[in-house]
Every structure is written in structure tokens, then in C-alpha cells.
Q: 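Can you read through this structure? Questions will come right after.
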Amino acid sequence: MTEPILAGRGVVKRYGDVTALAGVDITIEAGEVVAIVGPSGSGKSTLLHVLAGILPADGGEVFLGRQAITRLSETERSKLRRSQFGFVFQSGMLVAELTAEENVALPMLLAGTPRDQGIAAAREWLVRLGLGGLANRRPGEVSGGQLQRMAIARALAHRPQVIFADEPTGALDTKTGQETISALLTVAKETNAAVVIVTHDVSVANRAQRVIEMRDGLIAVRAAA
Ligand SMILES: Nc1ncnc2c1ncn2[C@@H]1O[C@H](COP(=O)(O)OP(=O)(O)O)[C@@H](O)[C@H]1O
Ligand SMILES: [Mg+2]
């Protein structure tokens with residue numbers, strides 16, 4: 001049996017009177033690709049944000065390996081988030097003023113990598129994702145699919161243990177969406193990163209090893225894909 005890389009135990013999250021997560025149990029293995037599906041408002045994004053330590057939980061625990069990240073201070077959590085996790089969200093994750101190579105290097109620079117080294121590594125990641133010629137473009141100067149591949153390069157460059165993706169293909173056409181997911185899964189596999197991906201797209205969910213369905217703040221169905 002493989003060791004779980006990430007686990008939620010009885011995770012509760014409320015927004016005022018709304019219980020977005022009503023005690024979720026979830027386990028993700030190292031290198032596993034898990035899709036989270038379910039109706040709008042069922043708690044998918046909230047679960048992703050709590051598992052990633054972006055939002056604090058109101059109850060339960062989240063473990064990264066054996067470490068309970070729910071018990072860390074905000075400072076410790078954000079440090080851990082930067083080093084261990086990567087994020088691919090639909091929009092807003094790339095800095096408009098920075099070039100592609102600067103955007104991809106940013107998490108490494110924040111983690112203390114010297115600038116030259118970070119930029120060199122970023123260029124390699126851009127090449128890997130087919131964006132070798134776009135290293136000096138800004139996010140506003142590339143297509144939607146290229147933008148998402150840029151975001152993937154940024155999410156993976158510091159070799160995180162877990163990649164969180166929230167509707168990463170939501171703004172893309174089907175073909176570009178599929179290519180984007182292929183790029184994500186290929187590089188995640190190379191680095192043995194687990195991928196937790198929230199999606200409405202059945203063709204994306206079909207690429208996962210496991211599909212988790214959420215309903216009313218709880219996991220409803222667990223089926224093999
Ligand atoms: N920032 C927020 N403030 C108040 N309610 C929220 C907030 N974010 C989400 N919710 C509510 O929490 C529930 C779960 O939302 P969410 O996790 O975004 O679901 P999903 O991603 O599945 O669409 C919904 O009822 C939603 O309206
Ligand atoms: Mg959502």
C-alpha cells in the first residue's frame with residue numbers, strides 16, 4: 001500500500017450560516033490523479049482551498065503526509081504551500097506585469113532560489129510545455145491555451161508534491177482543454193506529483209485515476225474512472 005500524500009479527516013468549512021463542507025474524508029496517494037466533480041455550489045472549490053491550506057478549516061484536520069497542516073499558523077501554512085503545492089486555477093494566478101519566464105520563476109524565487117537559477121529553470125519548463133519561444137511574453141500577449149500551459153509550468157517548476165487545479169480548462173475549447181490536461185498530467189507524472197483537479201468536463205474527469213463526486217458539502221460517490 002502506498003502512503004497517502006494528502007488526507008482530509010472530517011473537514012468542516014462554514015461561510016456564516018452556509019456549511020460548505022460538512023465533514024469530508026478524503027485520501028490522495030502520492031502521484032495519484034483525482035478528479036472532483038459535482039453540481040455548482042456542492043463545495044468543490046472550498047474543499048480544494050482547504051486541502052491546499054489557502055482557507056482555514058472550521059473543523060477536522062488536513063494532513064500532508066504526517067503533518068497536520070490545519071494546526072499550523074498562517075505563516076507556516078503559506079510557507080508550506082509555496083514549497084509543497086502547485087496551483088492551476090482558471091484565471092488570476094499569473095502576474096500581468098511579469099514575463100512568462102518571470103512568472104514561472106516566481107514561486108522558486110519566493111522560496112529563496114537565486115534569480116539566475118530560477119529564470120534558467122523557468123526557461124526549461126517553458127520549453128517542456130511547448131512555450132520555448134514565449135519566455136519574454138507577458139500573460140496578455142499569449143492565447144488562452146498558452147496561458148494555461150504557462151500556469152502549469154509555474155505550478156510545477158518548484159516540483160511540488162501536490163498540484164491543485166480548479167476548473168483549469170473552463171475557459172478553453174475542448175481540444176485546447178484536452179491538450180492542456182495532457183500537458184499537466186505528463187509533467188505531473190514525470191515529477192510524481194499528485195493532481196487534484198476540480199472539473200465540470202467529463203473528458204477531463206475521464207483522464208483521472210479516481211473520480212470523487214461532491215454533493216451538499218459531502219463526498220457522494222467514489223467510482224473508479
Ligand atoms: N466566500 C464565500 N462566502 C459565502 N459563501 C460562499 C463563499 N464561497 C462559497 N460559498 C458557498 O459555499 C458553498 C460551496 O461553494 P463552492 O465551494 O464554491 O462550490 P463549487 O466549487 O462546488 O461550486 C456554496 O453554497 C457557496 O454559495
Ligand atoms: Mg467552484
Side-chain angles (χ1 to χ4, degrees), residues 6-28 32-64 69-70 72-74 77-78 80-81 85-94 139 144-145 147-152 154-155 160 162-174 176-178 180-181 184-185 188 193-223 225:
L6 190 71
R9 298 274 171 258
V11 177
V12 173
K13 181 68 192 174
R14 297 186 197 89
Y15 301 103
D17 295 341
V18 177
T19 300
L21 300 176
V24 173
D25 292 309
I26 183 170
T27 303
I28 315 271
E32 192 181 22
V33 179
V34 176
I36 301 177
V37 301
S40 183
S42 57
K44 305 182 297 295
S45 293
T46 302
L47 178 59
L48 209 69
H49 284 77
V50 174
L51 289 177
I54 296 170
L55 280 176
D58 295 314
E61 298 277 16
V62 175
F63 294 91
L64 176 68
I69 69 171
T70 24
L72 300 176
S73 68
E74 173 50 37
R77 252 191 306 139
S78 78
L80 177 134
R81 201 157 62 218
F85 297 154
F87 300 94
V88 187
F89 291 164
Q90 199 171 308
S91 61
M93 296 299 289
L94 295 161
L147 201 62
Q148 278 309 66
R149 275 185 283 148
M150 215 186 267
I152 290 167
R154 194 177 100 151
V162 187
I163 318 276
F164 294 96
D166 196 353
E167 306 272 4
T169 63
L172 305 176
D173 63 74
T174 311
T176 312
Q178 277 297 327
T180 303
I181 293 302
L184 171 60
L185 297 186
V195 180
V196 186
I197 182 164
V198 168
T199 186
H200 274 112
D201 187 338
V202 177
S203 64
V204 171
N206 283 340
R207 308 282 298 273
Q209 284 154 282
R210 192 149 59 92
V211 179
I212 288 172
E213 185 173 343
M214 288 204 66
R215 215 163 276 271
D216 300 326
L218 286 171
I219 288 169
V221 182
R222 246 173 228 229

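Counting starts at 1 for both ligands and their atoms, following the listed order.
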Q: Are L21 and M214 packed together at the side-chain level, in the sense that at least one heavy-atom pair is separated by less than 4.5 angstrom?
A: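 Answer yes - side chains close enough.
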Q: Please work out whether the ring planes of F87 and F164 are parallel, tilted or perpendicular, with thresholds of 30° and 60°.
A: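 Ring orientation of F87 relative to F164: parallel.
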Q: Just which atoms of ligand 1 are under 4.0 Å from any heavy atom in A20?
A: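 Reading through ligand 1 atom by atom, the close ones are 12 (O), 13 (C), 14 (C).
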Q: Nearest protein heavy atom to atom 13 (C) of ligand 1, by residue and atom, and its distance?
A: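 That would be G41 O, 3.7 Å.
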Q: Looking at atom 6 (C) of ligand 1, what's its closest protein heavy atom, distance included?
A: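 Among all protein heavy atoms, the one nearest atom 6 (C) of ligand 1 is Y15 CD1, 3.2 Å.
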Q: Any donor and acceptor pair, going by atom type alone, linking the side chain of K13 with main-chain N or O of P56 inside 3.5 Å?
A: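 Side chain of K13 to backbone of P56: a pair is present.
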Q: With respect to S203, which candidate in N206, T199, D201 satisfies the side-chain hydrogen bond (donor to acceptor under 3.5 Å, both in side chains) definition?
A: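 For S203, the side-chain hydrogen bond (donor to acceptor under 3.5 Å, both in side chains) test succeeds with only one of N206, T199, D201, which is D201.
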Q: Hey, is atom 20 (P) of ligand 1 touched by any protein heavy atom at less than 4.0 Å?
A: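 Under the 4.0 Å cut-off, atom 20 (P) of ligand 1 does have protein heavy-atom neighbours.
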Q: Find all atoms of ligand 1 within a distance of less than 4.0 Å from any non-hydrogen atom belonging to P39, and give their numbers and elements.
A: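 Atoms satisfying the 4.0 Å criterion: 22 (O).
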Q: Heavy-atom count check: over 12 atoms from other residues, nucleotides or ligands less than 6.0 Å from D216 CG?
A: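 For D216, atom CG is not crowded (no more than 12 foreign heavy atoms under 6.0 Å).
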Q: Answer yes or no as to whether an N/O/S atom of S45 is found below 2.8 Å from the Mg ion (ligand 2).
A: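 Checking S45: at least one N, O or S atom is under 2.8 Å.
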Q: Does V18 reach ligand 1 with a nitrogen or oxygen that is under 3.5 Å from one of the ligand's nitrogen or oxygen atoms?
A: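 No.
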Q: Considering only protein heavy atoms, which is closest to atom 22 (O) of ligand 1, and at what distance to one decimal place?
A: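 Closest protein heavy atom to atom 22 (O) of ligand 1: K44 NZ, 2.8 Å.
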Q: Determine whether any heavy atom of G217 lies closer than 4.0 Å to an atom of ligand 1.
A: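 It does not; every heavy atom stays at 4.0 Å or beyond.
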Q: Kindly indicate whether atom 24 (C) of ligand 1 is approached by any protein heavy atom to under 4.0 angstrom.
A: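 Given the 4.0 Å cut-off, atom 24 (C) of ligand 1 counts as touching protein heavy atoms.
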Q: With a 3.5 Å distance limit and no angle check, can you tell me whether K44 reaches the backbone of P39 through a side-chain donor-acceptor pair?
A: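 Here the side-chain-to-backbone pair exists.
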Q: Using 0.5 Å steps for rounding, measure from the CD1 atom of I152 to the CD1 atom of I181.
A: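 I152 CD1 to I181 CD1: 6.5 Å, rounded to 0.5 Å.
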Q: Is the backbone of V33 close enough, under 3.5 Å, to the side chain of Q209 for a donor and an acceptor to pair up by distance?
A: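 Side chain of Q209 to backbone of V33: a pair is present.
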Q: So, applying side chain to side chain contact (heavy atoms under 4.5 Å, CB included) with R9, which one of T27, V62, V24 is it?
A: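 The residue from T27, V62, V24 that satisfies side chain to side chain contact (heavy atoms under 4.5 Å, CB included) with R9 turns out to be T27.
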Q: Which residue holds the protein heavy atom closest to atom 17 (O) of ligand 1, what is that atom called, and what is the gap in Å?
A: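 Closest protein heavy atom to atom 17 (O) of ligand 1: T46 OG1, 2.5 Å.
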Q: Is the closest heavy atom of G38 to ligand 1 under 4.0 Å?
A: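 No; G38 lies far enough from ligand 1 that no heavy-atom distance drops under 4.0 Å.
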Q: Considering non-hydrogen atoms of the protein only, which is the closest contact for atom 18 (O) of ligand 1, and what is the distance?
A: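 Here the nearest protein heavy atom works out to S45 CB, 3.9 Å.
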